[in-house]
Amino acid sequence: MANLLHDSLLGKRADSDAVFLHLPDGGSVSYAKFAKRAAQFAQALSENNIAPGDRVAIQVGKSPDALALIFGCIQAGIIFLPLNTGYTGDELAYFVQNSGARLLVCDPEHIDTLRPIADKRGAEIASLGQTGTLTAQANAAGGVFKTEPRQGDDIAAFLYTSGTTGRSKGAMLTQNNLLSNALTLVDHWQFTSSDVLLHALPIFHTHGLFVATNVILAAGASMVFFPKLDPDALIDHMPKTTSLMGVPTFYTRLLDNPRFTQDVTANMRLFISGSAPLLAETHRSFEARTGHRILERYGMTETNMNTSNPYAGDRRAGTVGLPLPGVDVKVCGVDGDELPRGEIGVLEVRGPNVFKGYWQMPEKTAEELRPDGFFITGDLAVQEQDGYVTIVGRNKDLIISGGYNIYPKEIESLLDDQPGVLESAVIGVPHPEFGETPVAVLVAGPDGPPDIDAVQSAVSNSLARFKHPRRFITVEALPRNTMGKVQKNALRQEYGALFA
Ligand code: MLC
Ligand code: AMP
């Protein structure tokens, strides 16, 4: 029996000398070398008695080995949870606990601080990097590993995504969710083995991992693998590359760079944007500067990619294009009934890309995944007569900063527990660089106003940097409607120009 994802993405090129990764400083990693490295990690994991179906939590910096570890998990049938490197110990503890991870893999410099978190939850801990313990084991492994059979419906990964209420949920993504979407995107965006992608996204989210990496593997193409976004480095490499995938901040930062000219982009065939709304204005400025029309697409952690502007055809600024082949899309009223085209409602999607449910949260799954397979995205959208979809807002309390999701509820729960805070509301306001940024509005308790420095340090201790409110404002009372519900719209209006 086969391992669908491993065989399709890596196995079939396991002997190929073709380049998979170009390293920014000049080296490269071939498909054969990468496949062997993945097998070494699969072996190292097995030697640690991590079995198929077990979970491995991975919080490591971006590197070829980090990617090889993920593909080692796939080959060994182990479920991996890639985690944002910005998460604090508190956040990490939750993911290890909730997933029941058998192993936590971290950077060598964090192993001592994170060990108690793993110990307390009965997980082993290992590290990846030059002095890493798992790296040493992989180095000693022969690199021949009997691939674990896996079927399309088997879970490949948990991707944690927060909710508007309560804690993060582990979205269970199957092998077929990931593979079907990668194959669709290769076709839709016309990727071939000649493509060279600029890869500057993190590999712990859907965009950098399942869209960018899996598309490149499925096409047998290659990518320049940058540790993080550095617009100058992208510009340096662009004359020899063909494509870029980024969040809107990538495009605004490129436009801010005077070295970014039409000449630099002459060899590029495709610029793709997603994970957050791309302003129509950015789309137009980009075309004016380079002659390229950015291709915007729309997806989610739970669903991978759902819609995309066409490769050949009208890439319409401000829209997320048409449903991808095999994906059903409908715009519904709150009761779930489909609305006529042209009306605004909640977007629902169905297809082989849609996840299996939230790990050990059947009620949450039932709230968002209908029995007929439609997933309620929580995004507000309108679909034109000709099928183009525009995301016009959100029916969920979510802030997206530079492509990272921030759920106000998580920050508010922490703020409400701080001395001097009676209650709080966190809102997203427009930000020139990150699209949106969180602002905290606090109501003082009866004993006087809160000490903002103390509140800020509580936030720093518990939450990843990207979630920190950029402004704390103390008010007498929060605006409420007649039902007593906080009117965040009124707050957004009042503070909307803070970063203009
Ligand atoms: C970094 N910082 C951020 C931030 N990224 N703050 C808010 N929002 C962000 N997104 C913080 C840093 O910690 C730092 O804080 C300060 O901001 C400036 O750092 P920087 O060096 O300028 O940031 P940089 O490393 O360049 O990162 C910016 C970025 C990055 C936009 C390149 O955030 C990024 O790569 N975002 C992509 C996220 C992503 O992949 N999303 C896809 C999700 S999948 P300080 O105080 O230390 O200076 C998904 C589905 C789909 O949504 O459809 O794709
Ligand atoms: P995540 O949970 O990190 O996968 O984020 C998914 C959310 O990002 C979606 O529900 C949308 O709100 C948003 N999103 C992704 N792509 C786009 C896009 N092209 N335009 C607008 N919003 C987007």
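Counting convention: from 1, in listed order, for ligands and their atoms alike.
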- Query: Do Asp379 and Tyr298 get their side chains close enough for a donor-acceptor pair, meaning under 3.5 Å?
  - Reply: yes
- Within the side chain of Arg350, is there an N or O that forms a donor-acceptor pair under 3.5 Å with the backbone of Gly373? no
- Considering only non-hydrogen protein atoms, determine which one is nearest to atom 41 (N) of ligand 1 and report residue, atom name and distance to 0.1 Å. Gly403 O, 2.9 Å
- Message: Please check: side-chain N/O of Ser63 versus main-chain N/O of Ala66, any donor-acceptor pairing under 3.5 Å?
- Response: yes
- Item | ligand 1 versus Arg465: contacting region, heavy-atom distance under 4.0 Å | side chain
- Query: For residues Thr174 and Asn177, is any side-chain donor paired with an opposing acceptor at under 3.5 Å?
  - Reply: yes
- Message: With the threshold set at under 4.0 angstrom, would you say Arg297 reaches ligand 2 through any of its heavy atoms?
- Response: yes
- Run down the list Ser275, Gly246, Gly208 and name the one with the heavy atom closest to atom 51 (C) of ligand 1. Ser275
- Would you say atom 48 (O) of ligand 1 touches the protein, meaning some protein heavy atom is under 4.0 Å from it? no
- Query: Is the closest heavy atom of Gly274 to ligand 1 under 4.0 Å?
  - Reply: no
- Message: Please state which option from Gly403, Ser275, Ala381 has its nearest heavy atom closest to atom 8 (O) of ligand 2.
- Response: Ser275
- Any donor and acceptor pair, going by atom type alone, linking the side chain of Arg293 with main-chain N or O of Glu287 inside 3.5 Å? no
- Task: Below 4.0 angstrom from a heavy atom of Leu229, which ligand 1 atoms are there? Numbered from 1 as shown, please.
- Result: 32 (C)
- Query: Which residue owns the protein heavy atom closest to atom 18 (C) of ligand 1, what's the atom, and how far is it?
  - Reply: Phe434 CZ, 4.6 Å
- Query: Applying a strict 4.0 Å limit to heavy atoms, is Arg253 in contact with ligand 1?
  - Reply: yes
- How far is atom 36 (N) of ligand 1 from its nearest protein heavy atom, and which residue and atom is that? Gly402 O, 2.9 Å
- Item | Nearest protein heavy atom with distance in Å, relative to atom 9 (C) of ligand 2 | Asp379 OD2, 3.3 Å
- Distance filter under 4.0 Å to Thr249 heavy atoms, resulting ligand 1 atoms: 31 (C)
- Message: What verdict does the side-chain contact (heavy atoms from CB on, under 4.5 Å) test give for Thr85 and Val60, after you've listed the backbone C-alpha separation in whole Å, the side-chain angles of each residue and the deciding distance to 0.1 Å?
- Response: CA-CA 6 Å; Thr85 44; Val60 297; 5.8 Å; no
- Query: Which of the atoms of ligand 1 are close to Leu201, meaning less than 4.0 Å from one of its heavy atoms?
  - Reply: 40 (O)
- Which residue supplies the protein heavy atom nearest to atom 10 (N) of ligand 1, what is that atom called, and how far is it? Ser401 O, 2.8 Å
- Query: Do any non-hydrogen protein atoms sit less than 4.0 Å from atom 14 (C) of ligand 1?
  - Reply: no
- Ligand-side contact atoms (ligand 2) for residue partner Arg394, heavy atom cut-off under 4.0 Å: 12 (O)
- Contact check, Arg470 vs ligand 1, heavy-atom distance below 4.0 Å: yes
- Task: Give a yes or no answer on whether the side chain of Asn353 reaches the backbone of Thr303 with a donor-acceptor pair at less than 3.5 Å.
- Result: yes
- Modelled atom types, side-chain donor and acceptor of Trp359 and Ser99, under 3.5 Å: no
- Item | Contact atoms of ligand 1, heavy-atom distance to Gly299 under 4.0 Å | 53 (O)
- Item | Those atoms of ligand 2 less than 4.0 Å from some heavy atom in Met300 | 4 (O), 6 (C), 9 (C), 10 (O)
- Among the heavy atoms of His468, does any lie under 4.0 Å from an atom of ligand 1? no
- When distances are taken from atom 21 (O) of ligand 1, the protein heavy atom at minimum range is Lys228 NZ, 3.2 Å
- Taken in chain and number order and not counting sequence neighbours, the residues that satisfy side-chain hydrogen bond (donor to acceptor under 3.5 Å, both in side chains) with Asp195 are Thr242, Arg269
- Query: Which bit of Ser273 is near ligand 2, meaning a heavy atom under 4.0 Å away: side chain, backbone, both or neither?
  - Reply: neither
- Of all residues at least two apart in sequence or in a different chain, which pass the side-chain contact (heavy atoms from CB on, under 4.5 Å) check with Asp154? Arg150, Gln151
- Query: Between the candidates Gly393, Ala171, Pro277, which shows the shortest non-hydrogen contact distance to atom 21 (C) of ligand 2?
  - Reply: Pro277
- Message: Taking the cut-offs as 6.0 angstrom to the six-membered ring centre and 45 degrees off its axis, would you call Lys467 and Tyr404 a cation-pi pair?
- Response: no
- Query: What do you reckon, are the aromatic ring centroids of Phe286 and Phe260 less than 6.0 Å apart?
  - Reply: yes
- atom 1 (C) of ligand 1: any protein heavy atom closer than 4.0 Å: no
- Counting heavy atoms only, which part of Lys467 comes closer than 4.0 Å to ligand 1: side chain, backbone, both or neither? neither
- Query: Is a side-chain donor or acceptor of Asn405 paired with a backbone partner of Ile400 at a separation under 3.5 angstrom?
  - Reply: no
- Item | Side chains of Arg315 and His292, donor plus acceptor under 3.5 Å | no
- Task: Could you find the nearest protein heavy atom to atom 38 (C) of ligand 1 and give me its residue, atom name and distance?
- Result: Tyr404 CE2, 3.3 Å
- Message: Return the closest protein heavy atom for atom 1 (P) of ligand 2 as residue, atom name and distance.
- Response: Asn405 ND2, 3.1 Å
- Between the main-chain N or O of Gly27 and the side-chain N or O of His22, is there a donor-acceptor pair closer than 3.5 Å? no
- Note on the structure: closest protein heavy atom to atom 13 (C) of ligand 2 is Ile400 CD1, 3.4 Å
- Query: Lys396 to ligand 2: N or O pair under 3.5 Å?
  - Reply: yes
- Query: Any N/O of Glu296 closer than 3.5 Å to an N/O of ligand 2?
  - Reply: yes
- Scan side-chain atoms only and decide if Asp232 and Asn257 contain a donor-acceptor pair under the 3.5 Å cut-off. yes
- Residue, atom name and distance, where the atom is the protein heavy atom closest to atom 53 (O) of ligand 1: Arg297 NH1, 2.8 Å
- Task: Identify the protein heavy atom lying closest to atom 35 (O) of ligand 1, giving its residue, its atom name and the separation to 0.1 Å.
- Result: Pro202 CD, 3.6 Å
- Query: Is Val320 in contact with ligand 2, taking contact as a heavy-atom separation below 4.0 Å?
  - Reply: yes
- Compute the shortest N/O to N/O distance between Tyr298 and ligand 2 and return yes if it is under 3.5 Å, no if not. no
- Message: Does any part of the side chain of Phe466, heavy atoms only, come nearer than 4.5 Å to the side chain of Asn84, both counted from C-beta?
- Response: yes
- Query: Between the main-chain N or O of Thr249 and the side-chain N or O of Thr252, is there a donor-acceptor pair closer than 3.5 Å?
  - Reply: yes
- Message: Any non-hydrogen side-chain atom of Ile406 less than 4.5 Å from a side-chain atom of Ile411?
- Response: yes
- Query: So is Lys330 actually on top of Phe374's ring, under 6.0 Å and inside 45° of the axis?
  - Reply: yes
